[in-house]
S.K.: 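First, the structure itself, so that you have it in front of you.
Sequence lines set the chain letters: A, B, ... in the order given, protein chains first and strands last, and positions in each chain run from 1. When reading the values below, keep in mind they use all heavy atoms of this one structure, side chains included, and skip hydrogens, waters and symmetry mates.
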Amino acid sequence: DQQVKQNSPSLSVQEGRISILNCDYTNSMFDYFLWYKKYPAEGPTFLISISSIKDKNEDGRFTVFLNKSAKHLSLHIVPSQPGDSAVYFCAASGASNFNKFYFGSGTKLNVKP
Amino acid sequence: DGGITQSPKYLFRKEGQNVTLSCEQNLNHDAMYWYRQDPGQGLRLIYYSQIVNDFQKGDIAEGYSVSREKKESFPLTVTSAQKNPTAFYLCATASGSPYNEQFFGPGTRLTVL
């Protein structure tokens with residue numbers, strides 16, 4: 001049973017516009033959430049994270065929003081750039097075993113010039 | 001240059017042979033992980049280790065084995081019992097403290113002929 005879900009396998013946006021990637025989770029014990037970016041045949045790179053005591057975290061063009069009541073988080077990229085084209089994974093961990101991370105299936109973002 | 005080394009980048013083996021994938025880190029991280037990624041799929045956890053001489057099965061441990069004799073090293077053996085071993089294998093590390101991200105290696109593409 002997948003505890004972290006990314007229901008959109010792909011997303012296409014125009015350069016300069018906003019990209020919104022969504023992620024849902026089922027385990028209410030998760031208290032730390034992360035977003036990774038992955039290019040083909042490479043390892044994922046960490047983008048941004050948020051703990052459950054916050055509802056928003058911003059880093060440059062990237063902002064993560066957390067809605068605990070809905071068990072939903074989203075990554076906003078503004079403005080989107082062609083170099084942002086990659087697969088984005090969300091991940092979660094919980095205090096009961098903070099060393100174990102649960103990943104979503106990924107969303108492939110295509111930013112068109 | 002600090003980081004995670006996975007070698008080789010591409011590995012070919014004949015069906016029925018065991019093969020060991022290397023993962024070395026100099027980040028002084030306590031936790032190490034092995035994930036598998038298949039085309040169009042997310043990251044699936046094979047094994048992880050939170051400390052030297054200890055490791056736990058992930059979601060898809062069947063047909064794989066690991067050891068953690070040194071903090072810096074976490075080799076993964078793909079045995080002949082693994083039915084579909086051809087995949088992209090990713091090693092990751094984490095500090096072992098709460099609310100910290102994982103770092104990923106560049107990956108090894110294993111092809112079993």
Side-chain angles (χ1 to χ4, degrees), chain A residues 1-10 21 23-25 27 29-54 57 59 62 64 66 75 86-108, chain B residues 3-11 23 25 27 29-51 54-61 68 74 87-111:
Chain A
D1 182 32
Q2 200 165 7
Q3 299 188 51
V4 177
K5 299 180 183 180
Q6 295 176 256
N7 293 317
S8 297
S10 63
L21 296 95
C23 180
D24 298 294
Y25 62 96
N27 190 336
M29 299 304 293
F30 287 153
D31 64 354
Y32 187 56
F33 305 90
L34 311 93
W35 283 95
Y36 287 85
K37 176 181 180 179
K38 185 183 183 300
Y39 294 116
E42 294 184 8
T45 54
F46 170 73
L47 271 178
I48 191 169
S49 63
I50 188 168
S51 71
S52 59
I53 62 173
K54 294 185 175 181
N57 189 26
D59 184 1
F62 301 92
V64 56
L66 175 62
L75 175 68
V87 177
Y88 289 78
F89 291 98
C90 67
S93 67
S96 60
N97 186 356
F98 54 80
N99 275 322
K100 189 172 184 183
F101 295 81
Y102 297 81
F103 281 81
S105 54
T107 296
K108 185 174 183 179
Chain B
I4 303 167
T5 303
Q6 289 186 249
S7 59
K9 180 70 173 176
Y10 300 96
L11 192 54
C23 178
Q25 57 109 351
L27 300 171
H29 283 172
D30 285 319
M32 296 188 74
Y33 308 77
W34 276 105
Y35 292 89
R36 167 180 173 146
Q37 187 186 22
D38 294 284
Q41 303 290 317
L43 306 178
R44 293 189 290 169
L45 181 64
I46 304 172
Y47 268 99
Y48 69 108
S49 167
Q50 301 184 79
I51 198 167
D54 184 58
F55 48 83
Q56 289 82 41
K57 292 183 179 180
D59 302 317
I60 55 166
R68 185 86 188 276
F74 191 40
F88 188 56
Y89 289 87
L90 286 159
C91 177
T93 71
S95 66
S97 301
Y99 311 115
N100 280 283
E101 69 270 24
Q102 284 182 312
F103 294 81
F104 284 83
T108 292
R109 173 72 185 176
L110 173 65
T111 301

S.K.: Quick check for you: among A:Pro44, A:Ser105, A:Pro9, A:Gly43, which has the greatest number of heavy-atom pairs under 4.5 Å with chain B?
M.R.: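 The answer is A:Pro44.
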S.K.: Specify whether B:His29 and B:Phe103 have parallel, tilted or perpendicular ring planes, treating 30° as the upper limit for parallel and 60° as the lower limit for perpendicular.
M.R.: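 Tilted, since the angle between the ring planes falls between 30° and 60°.
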S.K.: A:Phe101 versus chain B, heavy atoms under 4.5 Å apart: side chain, backbone, both or neither?
M.R.: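 Looking at A:Phe101, backbone and side chain both touch chain B.
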S.K.: Is the side chain of B:Thr108 donor-acceptor paired with the backbone N or O of B:Lys9 at a distance under 3.5 Å, no angle test?
M.R.: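 No; zero donor-acceptor contacts below 3.5 Å.
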S.K.: Below 6.0 angstrom between ring centroids: does that apply to B:Phe74 and B:Tyr47?
M.R.: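 Ring centroids of B:Phe74 and B:Tyr47 are no less than 6.0 Å from each other.
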S.K.: Non-hydrogen atoms of chain A under 4.5 Å away: do they reach the side chain of B:Pro106, the backbone, both or neither?
M.R.: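 Looking at B:Pro106, just its backbone touches chain A.
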S.K.: I need the residue from B:Arg109, B:Gln6, B:Gln37 with the largest number of non-hydrogen atom pairs under 4.5 Å to chain A.
M.R.: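 Highest number of heavy-atom pairs under 4.5 Å: B:Gln37.
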S.K.: With no hydrogens and no angle check, just 3.5 Å: does a side-chain donor-acceptor pair link B:Tyr99 and A:Asp31?
M.R.: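 Side-chain D/A pair, B:Tyr99 to A:Asp31: present.
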S.K.: Go through the atoms of B:Leu90 and report whether side chain, backbone, both or neither lie under 4.5 Å from a heavy atom of chain A.
M.R.: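 It is the side chain, since no backbone atom gets that close.
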S.K.: Which one, A:Phe33, A:Tyr102, A:Phe98, leads in non-hydrogen pairs under 4.5 Å with chain B?
M.R.: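 Going by pairs under 4.5 Å, I would pick A:Phe98.
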S.K.: Of the backbone (N, CA, C, O) and the side chain (C-beta and beyond), which part of B:Gln56 lies under 4.5 Å from a heavy atom of chain A, both, or neither?
M.R.: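 It is neither, since no heavy atom gets under 4.5 Å.
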S.K.: Before giving the answer on side chain to side chain contact (heavy atoms under 4.5 Å, CB included), spell out for A:Asn99 and B:Tyr33 the whole-Å C-alpha distance, their side-chain angles and the decisive distance to 0.1 Å.
M.R.: CA-CA 10 Å; A:Asn99 275 322; B:Tyr33 308 77; 3.7 Å; yes
S.K.: Measuring centre to centre across the rings, with the benzene-like ring taken for any Trp, is A:Tyr36 within less than 6.0 Å of A:Phe103?
M.R.: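 Under 6.0 Å, so yes.
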S.K.: Measure B:Asn100 against the heavy atoms of chain A and call it side chain, backbone, both or neither at under 4.5 Å.
M.R.: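 For B:Asn100, the contact with chain A is made by the backbone alone.
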S.K.: For the ring pair B:Tyr35 and B:Phe104, is the centre-to-centre distance below 6.0 Å?
M.R.: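 Centroid separation for B:Tyr35 and B:Phe104: below 6.0 Å.
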S.K.: Taking side chain as everything from C-beta outward and backbone as N, CA, C, O, which of these in A:Lys108 sits under 4.5 Å from a heavy atom of chain B? Side chain, backbone, both or neither.
M.R.: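 Answer is neither: A:Lys108 stays 4.5 Å or more from chain B.
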S.K.: Sort B:Ser97 into side chain, backbone, both or neither according to what part of it lies under 4.5 angstrom from a heavy atom of chain A.
M.R.: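 Only the backbone of B:Ser97 comes within 4.5 Å of chain A.
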S.K.: Which bit of B:Gln41 is near chain A, if near means a heavy-atom gap under 4.5 Å: side chain, backbone, both or neither?
M.R.: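 Only the backbone of B:Gln41 comes within 4.5 Å of chain A.
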S.K.: Do A:Ser49 and A:Tyr32 meet the criterion of a side-chain donor-acceptor pair at a distance under 3.5 Å?
M.R.: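 Yes, side-chain donor-acceptor contact under 3.5 Å.
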